[in-house]
Amino acid sequence: MSNEIISGNIISKLAFPVGYLQQKICDYLGSLICNFFTSFLFILIILITQFSDYVFVSSAQLVVVVSIILSMIIMFIFDYLTGLTAFLTESIWGIATIKVCLVSFFSGVVVPLAFFPIHLKSLIQLTPFWYVFQTPIALITQKMSIEAQLLKLLPQCLWMAILVVITMFVSKRALFNLKINGG
């Protein structure tokens with residue numbers, strides 16, 4: 001978004017009959033499909049062939065897929081909200097770097113959450129960062145009933161809904177602050 005604002009190309013994107021959010025969703029889906037075929041498909045094949053007793057131990061594989069999709073939606077919303085800051089600052093490199101650090105740290109990618117103090121871990125569990133990675137991993141690796149799996153999806157759905165509402169509000173406000181550059 002930042003480059004589109006700096007170059008002035010944002011005006012042509014906003015003039016399309018399709019909303020800007022929908023355009024970004026389609027861009028994101030296109031990159032997900034490319035990533036699926038270039039990397040994730042091979043990882044999935046290795047997981048299924050090498051760790052078939054450990055991966056997908058439950059009979060409700062659909063719940064795992066839904067959880068992964070919800071995680072991707074939450075991550076897209078984080079990315080989109082970060083991009084919307086370009087409507088205010090034009091350059092978002094620092095903000096995007098902070099977002100990546102926060103998501104990586106608080107989701108347990110950098111430091112496993114088992115190493116965190118109990119109080120900090122309980123605070124992190126109240127944030128959407130926890131549900132981006134921890135819920136799909138728990139659904140894949142732990143044996144649980146379908147009811148328990150569906151209960152694990154509820155916080156993800158709740159955070160997705162909250163973030164969608166925030167995104168709609170911030171999108172409307174960001175368009176009021178837009179300054180078009182370029183020719």
Among all residues two or more places apart in sequence or in another chain, which pass the side-chain hydrogen bond (donor to acceptor under 3.5 Å, both in side chains) test with [X]?
X: K24; answer: E4
X: T127; answer: none
X: S71; answer: Q156

In terms of hydrophobic clustering (I, L, V, M, F, W, Y; side-chain heavy atoms under 4.5 Å; direct or indirect links), are [X] and [Y] co-clustered?
X: L126; Y: I162; result: no
X: M75; Y: F105; result: yes
X: I98; Y: I95; result: no
X: I118; Y: F115; result: no

Drop me the distance from [X]'s [atom1] to [Y]'s [atom2], to the nearest 0.5 angstrom.
X: I68; Y: L139; atom1: CD1; atom2: CG; answer: 8.5 Å
X: C157; Y: L70; atom1: SG; atom2: CG; answer: 4.5 Å
X: I25; Y: I73; atom1: CD1; atom2: CD1; answer: 8.5 Å
X: L81; Y: S171; atom1: CG; atom2: OG; answer: 7.5 Å

Residues passing the side-chain contact (heavy atoms from CB on, under 4.5 Å) test with A96, sequence neighbours excluded, are T82

side-chain contact (heavy atoms from CB on, under 4.5 Å) filter on L32, not counting sequence neighbours, yields Y28, L29, M72

Heavy-atom check, side chain of [X] versus side chain of [Y], under 4.5 Å:
X: F116; Y: L113; answer: yes
X: R173; Y: L84; answer: no
X: F106; Y: L123; answer: no

Students should find that the hydrophobic cluster of V100, defined by side-chain heavy atoms under 4.5 Å apart, otherwise consists of none

For L151, the hydrophobic cluster (side chain heavy atoms closer than 4.5 Å, chained through members) also holds L154

Show which side-chain atoms of residues 163-170 pair as donor or acceptor with protein atoms under 3.5 Å away, not counting sequence neighbours.
unit_1: T167; atom_1: OG1; unit_2: L163; atom_2: O; d: 2.7

Acceptor/donor pairs from residues 129-137 side chains to any protein atom, 3.5 angstrom cut, sequence neighbours excluded:
unit_1: Y131; atom_1: OH; unit_2: Q125; atom_2: O; d: 2.9
unit_1: Q134; atom_1: NE2; unit_2: S107; atom_2: O; d: 2.8

Which pairs with one or both residues in [range] pass salt bridge (Lys or Arg N to Asp or Glu O under 4.0 Å), sequence neighbours excluded?
range: residues 101-120; result: none
range: residues 106-121; result: none
range: residues 99-109; result: D79-K99

Heavy-atom closest pair (M144 atom, A148 atom, distance to 0.1 Å) is CB-CB, 3.9 Å

Between I77 and M160, the two heavy atoms sitting closest are CD1-O, 4.1 Å

